[in-house]
Number of protein chains: 2
Amino acid sequence: MARPYHHGDLRAALLDAALRAVEAGGHATLSLRELAQGLGVSHAAPYRHFANRDALLAAVANAGFARLAEAWLAAWQGSGPKAAAPAARLRVAARAYIGFATERPALFRLMFQGPAPPGAEAAFAGLQATVAAALPGAAEAVVKARTIAMWSALHGFAWLCLEGRIRPAMLGPLPPAAMLEAVLDTALGPAE
Amino acid sequence: MARPYHHGDLRAALLDAALRAVEAGGHATLSLRELAQGLGVSHAAPYRHFANRDALLAAVANAGFARLAEAWLAAWQGSGPKAAAPAARLRVAARAYIGFATERPALFRLMFQGPAPPGAEAAFAGLQATVAAALPGAAEAVVKARTIAMWSALHGFAWLCLEGRIRPAMLGPLPPAAMLEAVLDTALGPAE
DNA sequence: GAGGCGGAGTTGGCAATGTCAACATGAGGC
DNA sequence: GCCTCATGTTGACATTGCCAACTCCGCCTC
């Protein structure tokens with residue numbers, strides 16, 4: 001049975017395959033032609049759905065932001081009763097951010113490189129909303145400042161870990177988990 | 001007058017040209033052949049000095065770390081009298097880190113991607129030394145923890161700014177400088 | 001100073017890739 | 001039943017990283 005001339009949903013298939021390829025080998029080695037071949041389609045077919053390689057990569061990054069935002073919110077909402085201390089809940093969400101980065105390093109790298117896809121903005125809004133919830137009654141400027149400070153610390157730690165710039169060997173006697181907690185202390189305030 | 005057969009110091013010339021090319025156009029678009037042509041040398045000449053493209057890029061990143069470490073230490077040492085409050089001096093150095101990143105975004109991106117060149121370790125040691133000086137008498141584990149927490153916040157902020165993920169538009173009424181200071185507050189403790 | 005060794009540079013070529021233009025196919029609306 | 005046009009295909013081009021084989025010439029040895 002020969003493949004039908006039309007694929008059905010090549011766009012979605014490309015996106016899915018690209019996501020997998022990025023997670024497996026990093027975005028630098030992703031080849032449009034190889035992708036097309038893997039889907040049993042000619043080497044120029046992808047251009048019917050994405051203007052160029054960068055456009056496909058941007059779509060992959062966008063999907064990544066949707067997943068990251070989802071992971072963040074799930075951790076925030078699933079972290080015990082709504083009445084629990086907001087600081088403790090933020091800590092759970094923060095660990096989810098680090099977890100996402102270290103479990104999908106190649107995707108994470110792609111997401112934070114080059115022009116920001118639309119989903120990035122939404123993901124940031126999700127971050128800010130949880131920080132606002134953790135600081136009831138705070139002025140908007142304060143919320144923005146705290147959000148960015150927290151995000152910076154979180155993101156920097158995630159990136160440095162995933163690029164091997166922070167290695168267990170550098171920590172001396174400290175276990176890696178303790179390091180994470182130390183970073184969270186500065187990002188979110190001491191756990192008390 | 002024809003070019004002499006031997007270039008003289010092609011290795012250094014390549015490194016210099018590559019550094020310039022990276023700063024100008026980013027490492028993704030750097031082409032060995034174009035580089036060679038610019039130096040009036042054949043397209044395979046670079047392979048006499050660098051095993052491959054990645055090796056050249058690694059050398060560029062290494063040079064970048066030397067400059068970053070230099071900028072950090074210069075800011076630390078030049079920040080007023082030795083007797084000045086260490087926290088204030090760290091703040092000056094931290095601003096130098098952010099300044100380096102935002103003034104040479106493409107180089108900075110390259111430096112913190114892929115395997116760490118040898119200079120990265122030395123640069124980190126420089127960071128840690130200043131933090132240790134700012135925390136006289138602190139246990140080594142504490143110094144390490146504070147260094148990494150500070151570095152994470154600094155680096156995350158720098159990266160997010162340079163990738164356009166933190167834009168003035170997101171800050172609302174806050175001026176960008178105020179945002180920097182808010183991040184430094186969490187990274188280094190309030191300026192008081 | 002003659003000879004030759006080896007680092008440095010050259011030429012030519014290969015395979016892969018992104019991208020484009022021109023052409024083919026067939027699903028769905030009229 | 002026909003026609004349109006989005007979706008795929010074929011073929012081609014320029015560029016690139018990399019390798020092999022060759023050439024050149026500075027320097028060391030005798």
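Chain letters run A, B, ... following the sequence lines, proteins first, then strands; residues in each count from 1. Computed from a prediction, not measured in an experiment: that's the story for all the values here.
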Write out all pairs satisfying side chain to side chain donor-acceptor pair (under 3.5 Å) with one or both partners inside residues 169-179 of chain A, taking only residues at least two apart or from two chains.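 Matches after skipping sequence neighbours: none remain.
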
For A:Arg67, give me all partners under salt bridge (charged side-chain N to carboxylate O under 4.0 Å, His left out), at least two apart in sequence or on another chain.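 Expected list: A:Glu23.
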
Report the residues that fulfil salt bridge (charged side-chain N to carboxylate O under 4.0 Å, His left out) with B:Glu140, sequence neighbours left out, ordered by chain and then residue number.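 In terms of salt bridge (charged side-chain N to carboxylate O under 4.0 Å, His left out), with neighbours along the sequence ignored, B:Glu140 is linked to B:Lys144.
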
Please work out which of the three classes, parallel, tilted or perpendicular, describes the rings of A:Phe112 and A:Tyr97, given edges at 30° and 60°.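 Correct class here is tilted.
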
Run the salt-bridge test on B:Asp185 and B:Arg91 with the 4.0 Å N-O cut-off and return the result as yes or no.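 So B:Asp185 pairs with B:Arg91 through a salt bridge.
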
Provide, to the nearest angstrom, the distance between the [atom1] atom belonging to [X] and the [atom2] atom belonging to [N].
X       : N      : atom1 : atom2 : value
A:Leu10 : C:dT25 : CG    : P     : 19 Å
B:Gln37 : C:dT10 : CD    : P     : 12 Å
B:Leu35 : D:dC18 : CG    : P     : 13 Å
A:Leu39 : D:dT7  : CG    : P     : 16 Å

Taking only residues two or more places apart in sequence, or in another chain, which ones meet [X] in a side chain to side chain contact (heavy atoms under 4.5 Å, CB included)?
X       : value
B:Arg20 : B:Asp16
A:Ala69 : A:Ala123
B:Ala66 : none
A:Arg53 : A:Leu30, A:Leu32, A:Leu57

Could you identify which residues of residues 48-57 of chain A place a heavy atom less than 4.0 Å from some atom of DNA chain C, listed by residue number, or say none?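 Listed by number, they are A:Arg48, A:Asn52, A:Arg53.
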
With sequence neighbours excluded, tell me which residues meet side-chain hydrogen bond (donor to acceptor under 3.5 Å, both in side chains) with A:Trp159.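 A:Trp159: no side-chain hydrogen bond (donor to acceptor under 3.5 Å, both in side chains) contacts found.
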
Taking only heavy atoms on the protein side, list every residue of residues 14-33 of chain A lying under 4.0 Å from any atom of DNA chain D, sorted numerically.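 Those residues are A:Arg33.
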
Only pairs at least two apart or in different chains count here, so list each salt bridge (Lys or Arg N to Asp or Glu O under 4.0 Å) that has a residue in residues 159-171 of chain B.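 Qualifying pairs, neighbours excluded: A:Glu121-B:Arg167, B:Arg109-B:Glu163.
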
Looking only at side-chain atoms of B:Ser42, point me to the closest of D:dG8, C:dG18, C:dG9.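 Of the options given, the side chain of B:Ser42 lies nearest C:dG9.
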
Note every stem involving DNA chain D: at least three consecutive Watson-Crick or G-U wobble pairs, i with j then i+1 with j-1, with both distances under 3.5 Å.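 Stem segments, range with range: C:1-30 with D:1-30.
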
Determine whether a donor-acceptor pair (one donor, one acceptor, N or O, separation below 3.5 Å) exists between the side chain of B:His43 and the base of C:dG12.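 Answer is yes: a donor-acceptor pair is held.
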
